[in-house]
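A quick write-up on the structure given underneath.
Computation of the quantities below employed the complete heavy-atom set of this structure, encompassing side-chain atoms and omitting hydrogens, waters and symmetry-equivalent molecules. Letters A, B, ... mirror the listed sequences (proteins, then strands); counts begin at 1.
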Amino acid sequence: MGCEVEERGGLVRIRGEMTIYAASTLARDLLQRAADADSPCRIDLSEVSEIDTTGVQILLMVRRARSPDAEPIEVLAPSAAVTEALGLLRLGDVVGR
Amino acid sequence: MSRDPALDTFIAECSELTGNMEAVLLRCEQGGGDPGAINELFRAAHTIKGSSGLFGLDGIVAYTHVVESILDKAREASAALSPELAAVLLECLDHIRQLVDAVATGAESSDPRLASAGDASLKRLTAVSGYAVARRASAAPASSTPSPAADGPAPVDGGGLRVGADSWHLSVRFDPNVLRNGMDPLAFIRYLTTFCTITGLHVVDDALPPAADFDAEECRLGFEIALKTDAPKARIEAAFEFVRDECRLRILPPRSLVSDYVALIRDLPEADGRLGESLVRCGSLTAQELAACLQAQATQIAAVGSAPPLGAMLVAENVIQPAVVAAAVQQQTEARSTKELKTAESRSIRVDGDKLDRLIDLIGELIIAGAATGSRARSAGLTELNESALHLARIVEEVRDQALKLRVVQIGPTFARFQRIVRDVARETGKEITLETSGSETELDKTLVERIGDPLTHLVRNAIDHGIEKPEVRRARGKPAAGIVRLNAYHDAGSVVIEISDDGGGLNRDRIAAKAIERGLIGSGQSLSDPEIFALIFEPGFSTADQVTNLSGRGVGMDVVKSNVTALRGTVEIDSQQGRGTQVRLRLPLTLAIIDGFQVGIGASNFVIPLDLVEECVEMRQAADGAAAGAPFDHHGSVLPLIRLRDMFEIPGRPERRESVVVVRGAGHRVGIVVDDLLGELQAVIKPLSRLFKQLQGIAGSTILGSGRVALILDVPGLIERTRFASAATHARPRSLRTQPTED
Amino acid sequence: MVRNDTAAPAPNSEGRHDQDQYLTFVLGRETFALGILGIKEILEYETPTDVPMMPAFVRGVVNLRGMVVPVIDLCARFGRPSAPVTKKTCVVIVETLAHDERQVLGIVVDAVNEVLVIPHTDIEPAPSFGSSVRTDFIHGMGKVRDKFVVILNVDRVLSIDEMENLASVKHPNPAATVRSGAEGRAE
């Protein structure tokens with residue numbers, strides 16, 4: 001049920017279920033980081049066990065929240081669940097820079 | 001003019017949509033706009049545009065498109081809706097209303113004055129908003145930019161042309177709450193893959209708000225999906241069964257017409273260009289087909305009248321049946337969903353006003369026929385027949401009551417309209433006005449509501465124009481800068497009372513009296529009470545304003561207000577305190593059509609008194625001879641003034657037996673009407689009297705008795721007023737003015 | 001309840017147009033005519049319901065199949081004494097158009113005579129004086145078999161505006177018109 005955000009060495013790792021249950025908190029956290037134009041934002045999705053539409057929506061929002069002047073967000077290492085979902089929705093370009 | 005009923009629905013729904021938009025804009029103008037306001041306005045404008053397109057109303061489509069596009073840019077930029085922008089948008093809203101009115105009345109759609117007014121308002125909108133929107137179509141035939149279709153073979157209406165893709169196209173938009181309700185769009189799409197092959201998909205993210213407004217639990221994504229399957233359409237739809245109520249699903253079969261895609265593009269909430277891209281991205285349209293779609297739209301907008309309207313075209317191609325068009329229009333408004341709104345709409349139905357009137361007429365005839373049957377039954381003396389007739393009469397009475405209830409509406413919406421009027425008039429006059437309303441749930445007959453609108457409007461404008469002072473003057477007088485106009489409505493003794501009051505400067509009694517003397521309406525030596533002086537302003541041509549203002553002094557004056565109210569069998573009272581304010585009170589009968597009456601006889605004449613006003617009937621114990629008109633009568637220990645209709649109406653003959661007194665209540669007074677015979681209750685279908693009898697004070701109308709004879713209905717407030725003034729004037733007027741001798 | 005008297009057209013009429021046809025009727029000892037276009041029907045006389053406070057020319061109102069119609073006494077309208085009611089007395093129901101409003105009124109006549117065709121070439125203008133009826137009430141003088149028939153101008157005779165004014169003078173509304181010594185017409 002849980003979802004944790006862990007930061008280690010400039011990398012933000014999301015662990016657990018990126019679903020509606022944690023959506024609000026997760027969104028607030030990630031959007032804050034995205035809005036911080038001075039720090040790089042690298043999001044590691046390797047340990048996301050499950051993702052639903054809210055999770056996808058958050059990923060889309062995070063990209064939009066990034067200022068064009070700041071260093072682009074990097075979304076990397078999508079887990080199997082994330083790959084499947086993004087593939088289904090033809091949102092492959094969410095991953096990467 | 002007979003008209004497609006779907007068009008009637010469109011017009012009614014435009015009216016609701018523009019009404020909602022107006023309310024939002026008025027709030028924004030007063031600084032109370034919320035962040036969702038622009039979105040709401042955008043959606044409403046988009047819905048109007050879409051529906052207009054279905055009916056081929058290209059003028060409305062073109063105009064609304066610009067407004068919608070500017071709103072779209074504003075919401076994308078998260079701009080706030082400033083009061084200045086709100087004011088311009090109100091202008092544009094008015095223009096949209098005029099365009100819809102032109103459709104409703106069947107007026108020429110290419111009225112040049114209307115068109116140039118429209119252009120001017122759009123220019124202002126562009127200037128104030130700071131956004132420029134390229135018009136979809138340039139009206140000028142000589143265009144510097146060659147349009148692709150000018151050379152290409154793409155037909156003007158895309159008519160008959162089908163897209164190349166042989167996949168289904170599915171367009172899905174979910175309700176924002178779908179996620180909270182436990183549904184996951186991803187899951188439904190995944191399910192589709194179990195019996196379809198998704199050949200293309202595009203996630204539409206236009207509705208994602210700015211980060212500050214983002215609610216992660218709301219679904220703001222839409223999906224355009226191209227898929228191939230052997231399954232029938234029903235199966236595809238069934239895949240979304242569990243979210244049927246929380247999504248908008250549009251399905252286009254393989255090899256659909258280009259015009260279908262045009263309709264889809266128009267229909268969806270996102271901006272057309274973005275949608276087009278979406279459709280290309282998922283492969284349902286090629287880039288060239290998209291160009292053809294957009295060109296088809298643009299050409300239709302430019303060439304007003306020369307291309308067949310989209311609706312007719314679609315119908316002609318047997319693609320959409322008229323009923324489906326109506327259904328589509330219906331669905332548009334459902335998109336404007338809050339659950340509450342949906343529930344309210346489903347609890348009520350629209351009824352044609354004419355049909356309702358016809359029903360009431362028939363019930364009127366039923367009542368008369370029933371009364372005739374009843375009296376014949378009574379004279380035949382057959383008990384069982386009599387019982388049947390009574391039973392019938394009771395049922396007919398119930399039917400009458402229920403039918404009349406159908407015609408009854410609350411006055412609230414009428415009062416609400418005045419927010420806009422007050423705002424406009426306040427601006428024009430440079431005054432600050434607050435409108436307060438109370439009693440909006442007060443109910444009255446639908447016809448009354450329609451006909452009281454104009455007099456009310458005039459009275460409100462008058463209160464603002466002549467009553468409320470300019471802010472500087474008010475401050476100097478120690479009043480708050482903003483004046484108050486108050487609308488109040490309530491029921492009182494069988495009438496509806498509507499009060500219009502203001503806290504302005506009040507009426508200048510002396511100036512009115514002076515003007516009246518100048519015009520020969522009264523003599524210089526006469527002393528009249530304040531209410532009598534104030535009542536003079538209802539005389540034709542009377543206006544004490546120093547300049548006839550644009551708003552109220554045009555000759556559409558207080559006399560017209562009074563005659564309108566009198567035509568409705570109502571009365572007007574006016575009171576005022578200098579420096580403090582004025583109150584106008586309109587008293588109107590609750591229903592125009594059928595009333596319960598009490599029949600009385602005087603000499604050979606029969607009259608009917610509205611039963612609502614009758615308190616009781618008493619035998620006259622005092623001697624009738626020598627009693628003067630208006631002489632007091634002891635009634636339960638207090639004094640009751642009397643009205644002798646025999647004298648007032650000059651009915652020949654003398655009373656042959658003991659008279660009776662019918663105690664009635666009207667216009668805030670209690671009075672006794674002296675009659676010979678008490679003839680019982682009846683239902684009176686009110687038949688209007690010829691204009692010939694318009695100035696008769698004391699007679700409200702006529703009715704037809706069971707015998708077929710006509711009986712006159714008494715206007716009790718009118719009789720009371722007549723008596724009061726007659727007795728007040730008795731002391732003021734010289735004797736030679738009396739037109740009839742009285743018994744003193 | 002309805003009497004219909006129609007007569008054969010005059011022998012040398014060139015074709016029957018409704019606007020050339022006139023109903024003739026008797027008031028006292030004189031015969032008058034009214035164009036039939038405005039005439040809706042003719043009823044047997046029944047005592048109208050009296051409407052109080054109205055001038056003598058308003059006899060009252062009657063029930064015409066559910067519509068309440070005022071009945072005008074033309075003799076009184078012309079300022080002459082009314083004749084008593086006989087078996088021949090009728091009420092002619094007339095429809096006029098005033099200010100785009102349809103008005104339906106009844107007029108009491110002592111007897112109804114034939115319908116005549118009077119081509120407009122046989123109609124001469126009203127005399128400027130000497131006629132027994134107000135000049136503006138006369139549409140023209142129709143020549144019938146060497147005699148003249150007064151053709152009434154129904155819109156003036158039954159002018160709602162004028163009759164309404166006369167009614168309000170008779171019984172001014174005391175609340176609004178407290179005039180200083182003004183008698184007679186308010187115009």
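Highest contact tally toward chain C, considering only B:Thr703, B:Leu692, B:Ile699, is held by B:Leu692 [criterion: heavy-atom pairs under 4.5 Å].
Contacts of C:Leu64 with chain B are absent, with no heavy-atom separation under 4.5 Å from either backbone or side chain. Residue B:Ile368: no heavy atom, backbone or side chain, is found under 4.5 Å from chain C.
Residues C:Val69 and B:Ser690 are not in side-chain contact: their nearest non-hydrogen atoms beyond the backbone lie 4.5 Å or more apart. The side-chain heavy atoms of B:Leu689 and C:Val51, taken from C-beta on, include no pair separated by under 4.5 Å. Using a 4.5 Å cut-off on side-chain heavy atoms (C-beta onward), B:Val710 and C:Val62 make no contact. The shortest distance between side-chain heavy atoms of B:Phe649 and C:Asp50 does not fall below 4.5 Å.
Not a single donor-acceptor pair under 3.5 Å links the side chain of C:Asn63 to the backbone N or O of B:Arg709.
Residue B:Phe693 holds its CZ atom at 11.0 Å from CE of C:Met53, rounded to the nearest 0.5 Å.
With C:Pro52 as the fixed residue, the side-chain contact (heavy atoms from CB on, under 4.5 Å) test singles out one of B:Ile602, B:Ile651, B:Leu712, B:Leu645: B:Leu712.
Counting heavy-atom neighbours within 6.0 Å of C:Arg80 CZ, excluding the residue itself, gives a total above 12.
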